[in-house]
There are 2 protein chains.
Amino acid sequence: MPTSTRTTAERVRAAHLGPDRRRPQVLDAALQVAVKRGLGAVTVGAVAEELGVTRPVVYACFADRVQMIEALLDREQHRLADVVVQALRSTGVSDDPEQAFVTGFQTWLRLAGEQPGTWRLLLAGQPDPAIRERFDAGRAAFTQQAAAWIGPAMQRWWHTEDLDRKLPVLVELFLSSCEAALRSMLDGADDWTPEELGEFLGRAIHRAFRDA
Amino acid sequence: MPTSTRTTAERVRAAHLGPDRRRPQVLDAALQVAVKRGLGAVTVGAVAEELGVTRPVVYACFADRVQMIEALLDREQHRLADVVVQALRSTGVSDDPEQAFVTGFQTWLRLAGEQPGTWRLLLAGQPDPAIRERFDAGRAAFTQQAAAWIGPAMQRWWHTEDLDRKLPVLVELFLSSCEAALRSMLDGADDWTPEELGEFLGRAIHRAFRDA
DNA sequence: CCAGAATCCTACGCCGATGTAGGAAAAAGA
DNA sequence: TCTTTTTCCTACATCGGCGTAGGATTCTGG
């Protein structure tokens with residue numbers, strides 16, 4: 001049984017790829033492990049086993065465990081950022097704020113639903129102290145990006161007063177709402193399509209922000 | 001230097017308390033460690049050092065590391081539940097939905113600000129697999145509690161249609177909004193009092209839910 | 001004041017994960 | 001085909017955290 005069932009049984013010798021071609025595979029395996037058992041479970045051994053390879057092969061790709069996880073976080077963060085940019089672009093066509101919220105959430109949820117694993121990483125929360133700094137930095141980047149979009153938009157649409165003071169709080173609220181949308185999308189909600197969910201939540205969150 | 005500066009220097013022999021009186025101290029120390037360095041850093045050794053005691057003393061209070069953390073989570077969850085109950089009670093006096101949201105958030109944020117450590121635990125996210133189950137169970141309990149309050153309230157106030165389908169999504173949104181409020185309260189917002197923040201966010205979230 | 005009980009501390013063995021060295025197998029080149 | 005190079009695997013040493021045994025110290029009751 002060379003394929004499928006990965007019991008702890010004897011493994012076939014892995015293909016002769018070399019570090020450069022092996023590296024993306026390692027990150028894929030690391031992502032699998034992180035999604036299934038949390039970032040804390042991403043050990044060199046676990047990743048190697050997931051990939052069907054021994055640990056030294058992983059060490060040939062990354063100097064140590066921390067660099068491996070940082071590489072994973074880098075890659076996934078870029079993927080996420082791309083999706084966010086696409087979602088933001090999709091809102092540009094409309095001058096109606098409510099419609100902007102709705103289409104933004106719709107395209108974002110649709111794209112996010114296509115690579116659930118990457119997004120679950122974001123919801124997982126930080127693991128051991130070694131990664132914490134890098135993880136928080138990623139979150140901070142998103143916060144900044146969100147602020148850079150929400151601030152001008154609210155100024156332009158509604159001339160919200162005292163925006164300087166309110167903005168940090170609103171950004172936090174916005175990001176948390178996005179998390180809620182994501183959870184609803186990835187977990188239970190089989191009876192919601194991305195379009196339905198995006199419209200429902202986009203409208204609700206728009207109401208919260210409009211008269212802030 | 002028997003007090004203060006906890007370098008790694010020689011320690012004084014700890015007082016003769018015994019497991020029963022020592023146990024709450026151990027949980028206090030564990031909470032400190034969790035807040036400072038994350039739940040993943042709550043090892044028996046770290047807790048013992050934080051408390052100024054050797055590891056066997058901790059083992060005299062709890063059978064193993066998992067039971068210690070579970071005891072911590074139990075205690076903190078009860079504290080949290082008490083606060084939530086108080087906040088919910090405070091909304092009962094008013095029949096105006098918006099006012100209910102506002103006073104609810106206000107009392108909750110005020111009480112939460114008094115024991116920040118306990119609440120930061122909630123934001124920290126799950127650590128290793130051993131605790132994950134217990135941690136998720138706590139979150140599920142809050143979800144259920146929120147659903148039990150939001151559902152009837154929305155039915156009574158606004159006769160929201162198709163509530164069965166919407167409720168799970170709305171509960172998720174509500175909890176995430178609470179997290180946002182908490183983050184704003186505990187982190188940056190020095191220029192927001194609990195009353196101001198509760199009014200601002202309570203109103204915003206009320207708008208999101210009213211016409212859902 | 002002294003025996004006995006309760007409590008704390010030192011010291012140990014164990015296990016899982018890390019990171020490394022050197023030999024075996026596969027690919028590449030002559 | 002035979003040699004050289006690349007890549008993978010087995011085996012090892014190390015480290016940190018877990019959990020326990022037994023001696024040292026402090027409290028307590030007579």
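Just so we're on the same page: letters track the sequence lines, and every chain starts at 1. These numbers come from the heavy atoms of this one structure, side chains and all, not from hydrogens, waters or symmetry mates. Fair warning: this is a prediction, and the values are worked out from it, not measured in the lab.
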- Message: Counting only side-chain nitrogens and oxygens, does B/R55 get under 4.0 Å of the OP1 or OP2 atom of C/dA11?
- Response: no
- Would you kindly give the NE2-to-P distance between A/H16 and C/dA26, to the nearest whole Å? 8 Å
- Query: If you look at every strand shown and take non-hydrogen atoms under 4.0 Å, does A/A60 touch a base, only sugar-phosphate, or nothing?
  - Reply: nothing
- For B/Q155, does the CD atom have more than 12 heavy-atom neighbours from other residues, nucleotides or ligands under 6.0 Å away? yes
- Measure the distance from CG on A/L17 to P on C/dA27 and round it to the nearest whole Å. 10 Å
- Note on the structure: Regarding the side chain of B/D64, the nearest nucleotide among C/dT20, D/dG19, D/dC8 is D/dG19
- Could you tell me whether B/A15 contacts a base, only the sugar-phosphate backbone, or nothing, with contacts defined as non-hydrogen atoms closer than 4.0 Å? sugar-phosphate
- Message: Using a heavy-atom cut-off of 4.0 Å across all strands, would you classify B/T43 as base, sugar-phosphate, or nothing?
- Response: sugar-phosphate
- Query: Is it the case that B/R37 and B/Q32 place a side-chain donor and acceptor less than 3.5 Å from each other?
  - Reply: no
- Message: From OH of B/Y59 over to P of C/dT10, roughly how many Å is that when rounded to an integer?
- Response: 16 Å
- Note on the structure: Rounded to whole Å, CZ of B/R13 lies from C1' of D/dT25 at a distance of 4 Å
- Atom-to-atom span, CZ of A/R23 to P of D/dC8 - whole angstrom: 11 Å
- Message: Both B/V42 and A/V53 contact DNA chain D. Taking the nearest nucleotide for each, which residue is further toward the 5' end?
- Response: A/V53
- Classify the side-chain pair A/T118/A/E76 by whether it contains a donor and acceptor separated by less than 3.5 Å. yes
- Task: Using a heavy-atom cut-off of under 4.0 Å over every strand shown, decide if A/R22 touches base, sugar-phosphate, or nothing.
- Result: sugar-phosphate
- Query: What's the CZ-C1' distance between B/R37 and D/dG16, to the nearest Å?
  - Reply: 13 Å
- Task: Check the distance between C/dA17's P and A/I69's CD1 and give it to me in whole angstrom.
- Result: 13 Å
- NA contact type, A/R65, heavy-atom cut-off 4.0 Å: base, sugar-phosphate, or nothing? sugar-phosphate
- On DNA chain C, nearest-nucleotide positions of A/A63 versus B/V57: which is more 5'? B/V57
- Task: Give a yes-or-no answer on whether the side chains of A/Q86 and A/R89 include a donor-acceptor pair shorter than 3.5 Å.
- Result: no
- Message: Whether B/E196 and A/R165 form a salt bridge (side-chain N of Lys/Arg under 4.0 Å from carboxylate O of Asp/Glu) is what I want to check.
- Response: yes
- Integer-rounded Å distance: C/dT10 P and B/E49 CD: 13 Å
